[in-house]
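For reference, the structure discussed in these notes is given below.
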Amino acid sequence: MGAQTTPPAVFILLGPPGAGKGTQARMLEEKFGLVQLSTGDLLRAAVAAGTEAGKQAKAVMEAGGLVSDDIVLAILRDRMGDADTKRGVILDGFPRTAGQAEALDGLLASTGQRVNSVISMEVEDAPMIARVAGRYTCADCGEGYHDTFKQPAKAGVCDKCGGTDFKRRADDNAETAGARLNAYHAQTAPLIAYYKGRGVLEEVDAMADIATVRDAMQARVAQVVG
Ligand code: AP5
């Protein structure tokens, strides 16, 4: 009999814009050798590359709405098959609708995988606008910063790669952030009950500072891939 191999673990980070999904996913990726799959990043790359999917997604993203399930699923399915995902993936910003959650179940069933853990990042709405509006990233390595909550050690220089070029997202303004919060509550928050019913939901207080949230999240992930 051949040796049994463990299928790649699947973690989902659920939370509204500004909850800290991207910030925490990058730290989990580094610590546990997992791969962060952010549908927001994949869609922004498609927009920048001018692909057909990117052209269709652009206006929706700028308005703070949700891109159609078909487009998102096609982009994610492609990326999940890549060789670097062997140890496991952290889905950041996916699924966001009931249709996406069901499609994910089907996709995982076909590869012998399952959703191992869903971490719901619990926050209040109002402070999320300030978190999103103050966000910027290194243009070279993508490290995330914030005007108030996470500044580089040396002003204007990325802690991680030494880059000096930074950028802000087109949808990071108070008006669009409000629309994104509404989309979260209407279409994504119901997934909390969906995953709670499946017995895989963990809740983390994501109003705490970044390091405290990191410790809580890493403890949960360690239970699966420690
Ligand atoms: P996406 O890129 O996924 O954006 P989002 O969900 O709105 O999430 P954010 O990236 O804004 O927030 P985050 O939780 O990652 O926060 P971060 O860690 O950066 O999606 C963008 C768009 O793409 C969507 O609107 C939609 O149009 C489309 N899309 C994407 N996925 C889709 C899907 N599956 N289906 C359909 N459409 C889809 O933190 C924010 C800031 O706060 C940072 O500056 C950070 O330094 C700071 N911060 C983080 N944690 C803390 C803390 N604990 N205390 C203080 N500051 C903190």
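All values below were derived from every heavy atom in this structure, side-chain atoms included, with hydrogens, water molecules and symmetry-related copies excluded. Order of appearance sets the numbers: ligands from 1, and atoms from 1 within every ligand. Numbering starts at 1 and runs along the sequence shown.
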- Close side-chain approach of Met61 and Val67, heavy atoms under 4.5 Å: yes
For Thr51, the side-chain contact (heavy atoms from CB on, under 4.5 Å) test, sequence neighbours excluded, returns Ala46, Ala49, Ala53
Quiz item: Are Ile75 and Leu13 grouped together when hydrophobic residues (ILVMFWY) are joined by side-chain heavy atoms under 4.5 angstrom apart?
Solution: no
Ranked by distance from atom 37 (N) of ligand 1, the top protein heavy atom is Val67 N, 3.1 Å
Between Pro17 and Leu181, the two heavy atoms sitting closest are CG-N, 3.9 Å
the protein heavy atom lying closest to atom 49 (C) of ligand 1 turns out to be Thr23 OG1, 3.6 Å
List the atom pairs, donor and acceptor, that lie under 3.5 Å between side-chain atoms in residues 83-95 and the rest of the protein, sequence neighbours left out.
{"unit_1": "Asp84", "atom_1": "OD1", "unit_2": "Arg79", "atom_2": "NH1", "d": "3.0"}
{"unit_1": "Asp84", "atom_1": "OD2", "unit_2": "Arg79", "atom_2": "NH2", "d": "2.9"}
{"unit_1": "Thr85", "atom_1": "OG1", "unit_2": "Met80", "atom_2": "O", "d": "3.2"}
{"unit_1": "Thr85", "atom_1": "OG1", "unit_2": "Asp82", "atom_2": "O", "d": "2.8"}
{"unit_1": "Arg87", "atom_1": "NE", "unit_2": "Phe32", "atom_2": "O", "d": "2.6"}
{"unit_1": "Arg87", "atom_1": "NH2", "unit_2": "Val225", "atom_2": "O", "d": "2.8"}
{"unit_1": "Asp92", "atom_1": "OD2", "unit_2": "Gln36", "atom_2": "NE2", "d": "2.8"}

Looking only at protein heavy atoms, what sits closest to atom 29 (N) of ligand 1 is Leu43 CD1, 3.4 Å
Quick one: does any side-chain atom of Thr188 pair with a main-chain N or O of Arg96 as donor and acceptor, under 3.5 Å? yes
For Gly93, the ligand 1 atoms with a heavy-atom partner under 4.0 Å come out as 31 (N), 32 (C), 33 (C), 34 (N)
If I apply the N/O under 3.5 Å rule, does Gly20 come out as touching ligand 1?
yes
- Task: State, with a plain yes or no, whether a side-chain heavy atom of Arg135 is found less than 4.5 Å away from one of Lys150.
- Result: no
Discussion item. Contact between Glu52 and Gln56 at the side-chain level, heavy atoms closer than 4.5 Å - yes or no?
Written reply: yes
N/O of Asp171 under 3.5 Å from N/O of ligand 1, yes or no?
no
Pairwise side-chain contact, Arg44 with Arg169, heavy-atom cut-off 4.5 Å (strictly under) = yes
The residue among Thr39, Thr97, Leu66 that forms side-chain contact (heavy atoms from CB on, under 4.5 Å) with Val72 is Thr39
Can you find an N or O of Ala19 that's nearer than 3.5 Å to an N or O of ligand 1?
yes
Of Arg169, Met121, Gln187, the residue with the heavy atom nearest atom 21 (C) of ligand 1 is Arg169
A student checking ligand 1 against Asp209 at a 4.0 Å heavy-atom cut-off should list atoms 53 (N)
Open item on the list: I want to check something: taking the side chain as every heavy atom from C-beta on, are Glu62 and Asp171 in contact at a cut-off of under 4.5 Å?
Closed with: no
Legend entry - Contact check, side chains of Gln113 and Val10, non-hydrogen atoms, under 4.5 Å: yes
Checking heavy-atom distances from atom 10 (O) of ligand 1 to each of Met207, Arg135, Arg131, Glu143, the winner is Arg135
If you scan protein heavy atoms around atom 53 (N) of ligand 1, the nearest is Ala208 O, 2.8 Å
Ranked by distance from atom 27 (O) of ligand 1, the top protein heavy atom is Gly65 O, 2.5 Å
Among Arg44, Lys150, Arg96, Arg26, closest by heavy atom to atom 6 (O) of ligand 1 is Arg96
Do any N/O atoms on Gly22 end up under 3.5 angstrom from N/O atoms on ligand 1?
-> yes
| message | Are any of the N/O atoms on Gln24, whether in the backbone or the side chain, positioned under 3.5 angstrom from an N/O atom of ligand 1? | response | no
Here the gap from Arg168 atom CZ to Tyr145 atom OH, rounded to the nearest 0.5 Å, amounts to 13.5 Å
Looking only at protein heavy atoms, what sits closest to atom 12 (O) of ligand 1 is Gly18 N, 2.9 Å
Practice item. Indicate yes or no: does an N/O atom of Thr39 lie under 3.5 Å from an N/O atom of ligand 1? Key: yes
Counting from 1 in the order shown, the ligand 1 atoms closer than 4.0 Å to a non-hydrogen atom of Phe94 are 34 (N)
Numbered in order shown, the ligand 1 atoms found under 4.0 Å of a heavy atom of Pro16 are 14 (O)
Atoms of ligand 1 under 4.0 Å from any heavy atom of Lys21, numbered from 1 in the order shown, are 5 (P), 6 (O), 8 (O), 12 (O), 13 (P), 14 (O), 15 (O), 16 (O), 18 (O)
- prompt: Will you find, in the side chains of Tyr184 and Arg180, an N or O donor that is under 3.5 Å from an N or O acceptor?
  reply: no
Margin query: Counting only nitrogen or oxygen atoms and a 3.5 angstrom limit, does Gln100 reach ligand 1?
Written below: yes
Whether Tyr145 lies under 4.0 Å from ligand 1, heavy atom:
yes
Please say whether Asp172 places an N or O atom under 3.5 Å from an N or O atom belonging to ligand 1. no
- prompt: Does Gly134 have a non-hydrogen atom less than 4.0 Å from ligand 1?
  reply: no
Atom 51 (C) of ligand 1 has as its nearest protein heavy atom Ile210 CG1, 3.3 Å
So the atoms of ligand 1 within less than 4.0 Å of a heavy atom of Val72 turn out to be 33 (C), 34 (N), 35 (N), 36 (C)
For atom 23 (O) of ligand 1, the closest protein heavy atom turns out to be Met61 CE, 3.3 Å
Task: Donor-acceptor contact below 3.5 Å, side chain His146 vs main chain Ala130 - done: yes
For Phe149, the ligand 1 atoms with a heavy-atom partner under 4.0 Å come out as 55 (C), 56 (N)
Does a side-chain N-to-carboxylate-O contact under 4.0 Å join Glu203 and Lys196?
-> yes
